[in-house]
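Here the structure comes first, spelled out in structure tokens, and everything after it is commentary.
Chain letters run A, B, ... following the sequence lines, proteins first, then strands; residues in each count from 1.
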Amino acid sequence: MDGVDKEKVQRVVYEMSKGSKYFENEERKEAFIRQKIEHMRARAAKIPAADLSHYQKVVDKRILELEATRELSRIWLHVDMDAFYAAVETLSNPLLKGKPMAVGGMSMISTANYEARKFGVRAAMPGFIARKLCPELIFVPTDFEKYTHYSNLTRKVFQNYDPNFMAASLDEAYLDITEVCKERGISGAEIAEELRSRVHEETGLTCSAGVAPNRLLAKVCSDINKPNGQFVLPNDRMAVMTFISSLPIRKIGGIGKVTENILRGVLGINTCEEMLRKGSFLCALFSHSTADFFLSVGLGLGGTDTPEARFRKSISSERTFSATQDTALLYQKLADIAEMLSADMQKEGLCGRTLTLKLKTASFEVRTRAVTLQKYICSSDDILKYASRLLKAELPISLRLIGLRVSHFNEDKVGVPVDPTQKTLTTFLISGDASTKIVDDQSSFGSDLSNLHFRNDRETVFSVDIHETCHYEFGDPFKSNPLQDVDDNNCISSENAWEMEQIHELSSNKTEAMVKTADGVVHTLKPSNGVLWVSEEDSSVQKEPEDSNPDRLNKEASTLGNEEFFLSNHIEQLYWVNDYRCSLCGAELPSSFVEERQEHSDFHLAERLQKEESGADSRAMMPRQRIVPQDHVVNQRRRKKHKSSPRQGRHLPIDSFFVKSNQNF
DNA sequence: GCGGATCAC
DNA sequence: TATGGTGATCCGC
């Protein structure tokens, strides 16, 4: 930015940071990266010429392949609100206008207005340094409800241009404006102008836009004339290549500080074009997928597909506090986090079987410790129980942060959210009314990526066809079959009566099939709404030792049994004969050997999974299998590794309707 | 599957 | 006085 004395800013930041634990850790990290760069440089220097020429051939071929996927027929627009949180705060308090202001607190700033930026104040800068740079700086605490409200207003505008627009965060979105350009016979630039002024009319906020043939480029473009400006990159291969040739790699989404340093330090790469020139080295030094990504960046490709709906894969909660090594205090913090996480999970109707403990030591070193359980958990008691074991192994330790994350969800869409406001989304989706409040809890700076998708995902249980009217779904309705979610949903969350009623209802269904499993237990299968459910008719299956503990035999006990029962295939179900002998291999482990039993059952689980994977698809016979007409989409789960996912054969002649050329080229 | 790391916002 | 929280992904075991 103009008028910023970068040197002075750097000096202040250094003076304020120097000697702190944070700073020391940063130095350690930097030293480590320097070492890594040195190592890679040595490797690069030792690559035999023969290998390099081989890699060059590979690269040439790959570039041709990538080039063939170039898509110039779509027009993408990336909208980015200008200093969003700060702008919203100014809107609600006009006295702030014209004054340097930052949203956040003394320890961290999430964004600053343009007046503050002139002083070098930036997002992700600690407040006390910002205040040093700009003593007049006004601090305003974050208010996500407010930002969400304004975000929804902007999204209502976006919707008029692309009903399937992709919200990237509260203040950013990607729109495919190909159709609207065609229909109205106007250019992307004109659409961008109009959209921006409509956003301003609706919200009083300004935004910047980038128009380009793909999302990767559109994102870069929206940054060029910020704030309150736009930049259009025409759908012309030459224009793209010219644009890319001088573009610093750091501008590309996905290339951060470290990658930039590595590419520059090892191969002297500064611009995207140099990615192509050093292609053979990239292939030699990086993994296939990373090299592929770099090459496509060099070609200016990325983000022309219409991605599948995205599903949340984890949920977490973490807190920073003043560093302590007081074990009792640490356990208390852990309990608090477990409580918060559990509450969030229940709001979202989620259960998961992998629990990850995150620790940040007083010296800023980050550690994670994870455990994958056989059962799905969501109660704070369960979370705390396993989290405590993980923490215990790290003691004694001095910590400044504790976090917990749960992943490996059971994708249990049976769980209706406990929070009744959640239902408004269903209403919203069906009515298509974007003015309805969508995001009801917004408690982070930037975790809202596709918030909506997560919600949609969960809600689909109630109305399996709402994806037709779901404006925020990322993808093709045929690819994102919501029923698929039910696929692995054998964990019946115990948390509310509604679910139990559903289970009960299913149990009374007339058409049912009996299945006798290897352990001799008979279960009934009951189809309902085209989905086959398993119900437990016989509870002779032993619960996990922990759950035989009287402490656990509360309201959850009966269904916790279900969870474990459901989650494994009935065939080969492990239980402890007479509470000491493994039903599968005869190994003997008394119930007090809790950890050993867990390990043991993990072993059998792994064994079984291996068998499942290698063997013919015997799953078709198993009760877990969902039986619905839409089965052909079950495979939706595979994920692409990178950004470019071109559609073969859809390559169209350049510039079919894009007439406006950009004078900058 | 785990743990460390990077990245985005 | 003081350097965040949430989520995704990748790599190398």
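Out of C:dC11, C:dG5, C:dT3, the shortest distance to the side chain of A:Leu401 is found at C:dG5. Taking the side chain of A:Lys257 as heavy atoms from C-beta on, and the options C:dT3, B:dG3, B:dC7, the nearest nucleotide is B:dC7. The side chain of A:Thr354 sits closest to B:dC2 out of B:dC2, C:dC11, B:dT6. Of the candidate nucleotides C:dG4, B:dG4, B:dT6, B:dT6 has the atom nearest to the side chain of A:Val258. Checked against B:dC2, C:dG5, C:dA8, the side chain of A:Thr320 finds its nearest nucleotide in C:dG5. Distances were taken from every side-chain heavy atom of A:Pro126 (C-beta onward) to each of B:dC9, C:dT3, C:dG4; the shortest belongs to C:dT3. Among the nucleotides B:dG1, C:dC11, C:dT3, the one closest to the side chain of A:Thr372 is B:dG1. Nearest nucleotide to the A:Lys360 side chain, out of C:dG4, C:dA2, B:dC2: C:dG4. Listed nucleotides: B:dA8, C:dG7, C:dT6. Nearest to the side chain of A:Arg312: C:dG7. Of the candidates B:dG3, C:dG7, C:dC11, C:dC11 carries the atom nearest the A:Ser287 side chain, counting heavy atoms from C-beta on.
Between A:Lys29 atom NZ and C:dT3 atom P the separation is 14 Å, expressed in whole Å. Spacing between atom OH of A:Tyr22 and atom C1' of C:dT1 amounts to 17 Å, rounded to whole angstrom units. Note: CZ (A:Arg405) to C1' (C:dG4) measures 16 Å, nearest angstrom. For A:Arg131 and C:dT3, the CZ to P distance is 14 Å, given to the nearest whole Å. Taking atom CD1 of residue A:Ile402 and atom P of nucleotide C:dG5, one finds them 12 Å apart after rounding to whole Å. Taking atom NZ on A:Lys21 and atom C1' on C:dG4, their separation rounds to 20 Å, with Å as the unit. Between A:Arg28 atom CZ and B:dG4 atom P there is a gap of 14 Å when expressed in whole angstrom units. We find that CZ of A:Arg367 is positioned 12 Å from P of B:dA5, with the value rounded to whole Å.
Mapped onto DNA chain C by nearest heavy atom, A:Met106 and A:Ile315 fall at different nucleotides, with A:Met106 at the one closer to the 5' end. Comparing A:Arg250 and A:Arg369 against DNA chain B, the residue whose closest nucleotide sits nearer the 5' end is A:Arg369. Toward the 5′ end of DNA chain C lies the nearest nucleotide of A:Phe364, the other residue of the pair A:Glu318 and A:Phe364 mapping further downstream.
Contact check, A:Ser314 against C:dA8: a side-chain N or O comes under 4.0 Å of OP1 or OP2. The phosphate of B:dC2 has neither OP1 nor OP2 within less than 4.0 Å of any side-chain N or O from A:Thr368. Side-chain nitrogen and oxygen atoms of A:Ser289 include none within less than 4.0 Å of the OP1 or OP2 phosphate oxygen of C:dC10. Note on A:Arg353: a side-chain N or O is less than 4.0 Å away from OP1 or OP2 of B:dG1. Between A:Thr142 and the phosphate of C:dG4, there is no side-chain N or O to OP1/OP2 separation shorter than 4.0 Å. Note on A:Arg319: a side-chain N or O is less than 4.0 Å away from OP1 or OP2 of C:dT6. Between A:Ser107 and C:dT3 there is no side-chain polar atom (N or O) within less than 4.0 angstrom of OP1 or OP2. Contact annotation: A:Lys313 side-chain N/O to C:dT9 OP1/OP2 distance is under 4.0 Å.
A cation-pi contact links A:Arg117 to A:Tyr114, judged by a cut-off of 6.0 Å to the six-membered ring centre and 45° from its axis.
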Distance-only criterion, 3.5 Å: show the donor-acceptor pairs between side-chain atoms of residues 252-260 of chain A and protein atoms not counting sequence neighbours.
unit_1	atom_1	unit_2	atom_2	d
A:Glu260	OE1	A:Arg250	NE	3.4

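Side-chain atoms of A:Ser208 and A:Asp82 include a donor-acceptor pair closer than 3.5 Å.
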Original post:
Going through the distances and angles, do A:Tyr147 and A:Thr142 end up as a side chain to side chain contact (heavy atoms under 4.5 Å, CB included)?
Top reply: CA-CA 9 Å; A:Tyr147 314 144; A:Thr142 50; 4.3 Å; yes
(request) Could you please spell out the steps behind the side chain to side chain contact (heavy atoms under 4.5 Å, CB included) verdict for A:Lys313 and A:Ser407? (result) CA-CA 6 Å; A:Lys313 292 180 183 58; A:Ser407 49; over 6 Å; no
Side chain to side chain contact (heavy atoms under 4.5 Å, CB included), that's the test. Do A:Ile383 and A:Met345 meet it? Break it down for me. CA-CA 11 Å; A:Ile383 293 172; A:Met345 290 180 71; 3.9 Å; yes
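Contact annotation for A:Glu172: backbone-only contact, meaning every heavy-atom pair under 4.0 Å involves sugar-phosphate atoms and none involves a base. As judged by a 4.0 angstrom heavy-atom cut-off over every strand, A:Ala123 is placed among residues making no nucleic acid contact. Using a 4.0 Å heavy-atom cutoff across all strands shown, A:Thr259 reaches sugar-phosphate atoms only and no base atom.
Taking the six-membered ring wherever Trp is involved, the centroid distance between the rings of A:Phe23 and A:Tyr14 falls below 6.0 Å.
A donor-acceptor contact under 3.5 Å links the side chain of A:Ser17 to the base of C:dT3.
Comparing the P positions of C:dT3 and B:dA8 gives an interatomic distance of 24 Å, to the nearest angstrom.
With A:His78 as the fixed residue, the side-chain hydrogen bond (donor to acceptor under 3.5 Å, both in side chains) test singles out one of A:Arg215, A:Glu172, A:Gln230: A:Glu172.
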